[in-house]
Amino acid sequence: MKNKVFLLMLGLVIGILAACGTAENETSTNGSGSAPDSSTDATTEETKVLTVGTSADYAPFEFVDTKVSEDIIGFDIDLANLIAERLGYELKFTNSDFNSLIPGLQAKKYDLVISGMTPTEERDEVVDFSTPYYETEQYMVSMKESNITSMEDLKGKKVGAQVSSIQEDLAKEFGEEHGFTVESRDLIPQLIQEMKNGRLDAAVIENIVSDNYLSQNDDLAAFTIKVEEPDYKAVVFQEGSTLKAEFDGVIQELIDGGKIEELKKKWFVVE
C-alpha cells in the first residue's frame, strides 16, 4: 500500500516538473528554440545633439517672430538644420548676445555658432570658420529726414554699430577718417530705436539686415559703404573641431545644388 502511494506521488512530481520545463521553454524562445535577442530594439543608435550658439536679433538671418512662436527662425537656422539633417545630427539653439558667442565657443558651451558671423584675422586666431556660404555688403542706415547720403555728411555726428561686430570695426575706421564718433549697442533693434529717438544719427548695418528694416520702415534710408575686401558669412567652430570638415562638404553641396539660393529667395527681401 505504501509502495503504491509512493509511486503515485512520484508520478505526480515528475509530471509537474515536466510541465514547468515545457512552459519555461515556450516563454524563453523566439519561435526556433533559441533565446530572443532582447537588445535588438535597445541598441538603435541615438542621434547626436549639437548645441548651437546664435544671437537672434539679426533678421532675416536669425530672429524670434513673437507673433508666431518663441522659436528662433531665419536663413541661418534653416541652413544649419539642413546641414545637420544631411549629417545625421540634431541641433539645440541657444540665444545669446553676439559678443558672447566666440567666448562661449572657446569655453565649449557651444559645439558651433551660426549667427551671420564674418571671418576676420582676429577671430580666426581663436576659432575655425567653415567654407563661406554668403557674401555681404555694408550699409550706412539713417533717418530719411536727416538727408545723410555720404560719409561727408556724418562729420561731427554719432554713428552706431553692434558690439564686437565687423560693422563696429568699420564704423571706427571711417569715423577716424570722416570725423564722426561711434557708439556701440548689443542688439541691432537697439540701433534702429536709438536712431528713431535721435540718440544716433546713423548706424552701420549689413545690407540684408538693413533691407529687412528698410522694407518695414518708410522713415529709414541707406547708402552702400565701399570696402576693399568683400565680407562673407560662415559657420564657426571650436579650434580643431572635426565638425568643420563635415560642414564644409555639405555647404559646398548646398551651394552647388542651388539650395542656398532657395533659402535666399525664402528669407531675403528681393528688389
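Just the heavy atoms: all of them, side chains too, but no hydrogens, waters or symmetry mates, feed the values below. The structure displayed is predicted, hence computed values, not measured ones.
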Using the rule given for side chain to side chain donor-acceptor pair (under 3.5 Å), can you reason through Tyr58 versus Glu206, listing the C-alpha separation, both sets of side-chain angles and the distance that settles it, and then say yes or no? CA-CA 10 Å; Tyr58 211 56; Glu206 74 170 74; 2.7 Å; yes
Working note: Tyr133 + Asp76, criterion side chain to side chain donor-acceptor pair (under 3.5 Å); need CA distance, chi angles, decisive distance, verdict. CA-CA 10 Å; Tyr133 58 81; Asp76 281 346; 2.7 Å; yes
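Between Leu200 and Val159 there is no side-chain heavy-atom pair separated by less than 4.5 Å.
For the side-chain hydrogen bond (donor to acceptor under 3.5 Å, both in side chains) condition, the pairs that include at least one residue of residues 105-126, sequence neighbours left out, are Ser96-Tyr110.
Note that CG of Asn81 is 13.0 Å distant from CZ of Arg86, once rounded to the nearest 0.5 Å. Here the straight-line distance linking atom CG of Asn212 with atom CG of Asn207 works out to 11.5 Å at 0.5 Å rounding.
Between the Asp128 side chain and the Gly240 main chain, a donor and an acceptor come within less than 3.5 Å of each other. With hydrogens and angles disregarded, no donor-acceptor distance shorter than 3.5 Å links the side chain of Asn197 to the backbone of Arg199. No donor-acceptor pair under 3.5 Å is formed between the side chain of Ser241 and the backbone N or O of Gln238. Listed for the Gln190 side chain is a donor-acceptor partner under 3.5 Å among the backbone atoms of Asp186.
Note: Phe268 and Tyr134 meet the aromatic proximity criterion, with ring centroids under 6.0 Å apart.
The pair Glu194-Arg185 meets the salt-bridge criterion, with a side-chain N (NZ, NE, NH1 or NH2) lying under 4.0 Å from an Asp/Glu carboxylate O. Electrostatic pairing of Glu261 and Lys259 does not count as a salt bridge here, judged by no charged N lying under 4.0 Å from a carboxylate O. Taking a cutoff of 4.0 Å between a charged side-chain nitrogen and a carboxylate oxygen, Asp219 and Lys196 qualify as a salt bridge.
Of all heavy-atom pairs between Leu254 and Leu82, the closest is CD2-CD2, 3.7 Å. Heavy-atom minimum distance, Phe129 versus Lys244: O-NZ, 2.7 Å.
More than 12 heavy atoms of other shown residues, nucleotides or ligands fall within 6.0 angstrom of atom CD in Glu135.
No option in Lys158, Lys155, Met151 other than Met151 meets the side-chain contact (heavy atoms from CB on, under 4.5 Å) test with Phe180.
Relative ring orientation between Tyr89 and Phe247 is described as parallel, the plane-to-plane angle staying below 30° on a 0-90° scale split at 30° and 60°.
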